[in-house]
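A short worksheet on the structure shown next.
Order of listing sets the numbers, starting from 1, for every ligand and every atom in it.
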Amino acid sequence: MLTEVPLGQKSLADYTHIAGRGLIERIRELVEPLQGRSVLHVSATAFGGGVSEILYTVVPLMRDVGLDAHWQVILGREDFFNVTKLMHNSLQGDPQAIDDEQWEVFQGYNAMNAQDLEGDWDAIVVHDPQPAGLRENALDRARRWIWRCHIDLSTPNPATLARLEPLITGYNASVWHREEYIPADLDGGLRKIYPPAIDPLSPKNMALSPEDAAFVCEQFGIDTDRPLICQVSRFDPWKDPMGVIDAYRVVTESVPEVQLALVGSMATDDPEGWEFFHRTFRHADGDPDIKILNNLNNVGAIEVNAFQSQADVCIQKSIREGFGLTVTEAQWKGRPVIGGDVGGIPLQITDGVSGFLVGSPEEAAERAIQTLEDPELAKRIGRAGKEHAREHFLSPRLLRDWLELFTELGV
Ligand code: UDP
C-alpha cells in the first residue's frame, strides 16, 4: 500500500461565519448524492509546499461532509526526486529537458508505486507530475481518474511536456489554476479551472493576537519595535529570495531600521533546496538584520503565522509561480503584499488595490518603501487584500469546486 497520510478532523460548520451560509448550503446540497463515495488523493509528499498545505484541509473537509476521502503519498528515493525536480523546472520553462535515462527512472517509480496502489476507488485524484504515471499502470483501481496540476505549464520545455502529455490525456478530467496553464495541444478529458485555497482556521492562518505574533517573532531575534519585511517560501530559485535580499538592501537606504525575515521550509521532495539555501545565506553576507530561517529552526505553522502577522510588508517575489498560497495567507492576515507579476499571483493581487505587482527587486523596494512610509496606504491595501482572499480563496470554495466536478463526472 502507498503511505497513508494521517489527518486531523475538520468540521465544515466551523467555517459558516467566515465563508457565508450560502456557500455552506450549496456544499451540503452537492454532497447529498455523493455520500460514501471513495476518493483517493495521491501526491509526492506530505510535507512542504502548497499541495500538502491544501490537502491537509480539503481531505478532512471531504470526510466531514460524507465522502470516504483519503490521501496517500508515493514512495520515491533521491534518484526519483532529482528527476522530478528537473522535470518540474523544465515544465515551468527551464531549457534543460529530461533525457531517456531520467525518463526511465520516472516511469520505473511510477510503475512500482502503481503496484503498491491498493483499493477500489470511485475516484483517484493525482496531484502534479510526479505521480502522473500511476494511472496507466493501475487503471482498474478507480472508476474515474483526475489529474490536478499545481504548476504553470504555459511556457514549458516542449521536449519534457511531450513526455508528460500522453500520460495526462488519459485522465477523465484535469484541474488547473488558470486557463493559460493548459498546454495548447492537450487532448481529451474535461478541464476545470479551480485555483487553490487556504484554510482560515488552520494554525497557520487562524487569528493570532498581535502580542502572540510579536512574542513568537522575538524568539527568532526579531526586534518587534522595528519594521519587518517577510517572505515565506521554499528556498527555490523561482521564489527569488536573492531578489528579496536585493530589494531589502534598497529599502534600508530609505528605512535604515528595517529588518528582513526569509522563512523557508525544506520540502522532502526537493534535493536542490539545501544548496540554494546556502547560496541565499551567502548572499545575505552576515547582515544581522536578515533572518534566514527554516523548519530545522523549529519554524512550523504557528511561526509562519506569526511572521506573516507581524510583518509590515509581506513579499512573494516569485519569477514563476503556480499560484503562491503565501500571498493569500498574508492577505488573510490583513498584511499589504508585494508579489511578482507572474503565474497565479495576479489572480490574488490587483495592483495598487489589493496589493502590489512588481517585476524587479527595485520595484519591490519602491513599493515596500511607499507602504512602510504610509500607514494609511498599508491599512487600505491590507483590508482590500483580506476581502479578496475571503471572497475567492478560502477552502470551502475549493471543496465546492471538487464536489461539482465529482458530480459532473458521475463519481
Ligand atoms: N511554507 C511553510 N513554511 C515555510 C515555507 C513555506 O509552511 O517555511 C508554506 C507556505 O506557508 C505555503 C506553502 O508552504 O502554505 C507554499 O505554497 P505556495 O503555493 O506559496 O508555493 P509552493 O511551495 O507550492 O511552490
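If you look at Glu329 next to ligand 1, the close heavy atoms, those under 4.0 Å, all belong to the side chain. Contacts with ligand 1 closer than 4.0 Å are made by side-chain heavy atoms of Val304 only, the backbone lying farther away. If you look at Lys204 next to ligand 1, the close heavy atoms, those under 4.0 Å, all belong to the side chain.
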Quick one: do Leu262 and Ile245 satisfy side-chain contact (heavy atoms from CB on, under 4.5 Å)? Show the steps, please. CA-CA 9 Å; Leu262 292 174; Ile245 292 177; 3.8 Å; yes

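Among protein heavy atoms, the minimum distance from atom 19 (O) of ligand 1 is reached at Leu325 N, 2.9 Å. Of the protein's non-hydrogen atoms, the one nearest atom 23 (O) of ligand 1 is Arg234 NE, 2.7 Å. Looking only at heavy atoms of the protein, atom 13 (C) of ligand 1 is closest to Gly49 C, 3.8 Å. Remark: minimum distance from atom 5 (C) of ligand 1 to any protein heavy atom is reached at Ser265 N, 3.3 Å. Nearest to atom 16 (C) of ligand 1 among the protein's heavy atoms is Gly50 N, 3.7 Å.
For the side chain to side chain donor-acceptor pair (under 3.5 Å) criterion with Gln308, the lone passing option out of Lys333, Arg335, Gln331 is Lys333. When each of Asp152, Asp236, Asp240 is paired with Arg320, the side chain to side chain donor-acceptor pair (under 3.5 Å) condition holds for Asp152 and for no other.
Between the side chains of Glu180 and Ser154, not a single donor N or O lies within less than 3.5 Å of an accepting N or O. At a cut-off of 3.5 Å, with distance as the only test, a side-chain donor of Trp238 or Asn89 sits close to an acceptor on the other residue.
Ligand-side atoms of ligand 1 in range of Gly324: 19 (O), 20 (O), range being under 4.0 angstrom from any heavy atom. Ligand-side atoms of ligand 1 in range of Glu53: 15 (O), range being under 4.0 angstrom from any heavy atom.
A salt bridge links Glu321 to Lys239: at least one charged side-chain nitrogen sits closer than 4.0 Å to a carboxylate oxygen.
Using 4.0 Å as the threshold, Lys239 has a heavy atom nearer than that to some atom of ligand 1.
Below 30°, between 30° and 60°, or above 60°: for Trp103 and Phe106 the angle between ring planes is below 30°, a parallel geometry.
At under 3.5 Å, not a single nitrogen or oxygen of Val232, backbone or side chain, sits near a nitrogen or oxygen of ligand 1.
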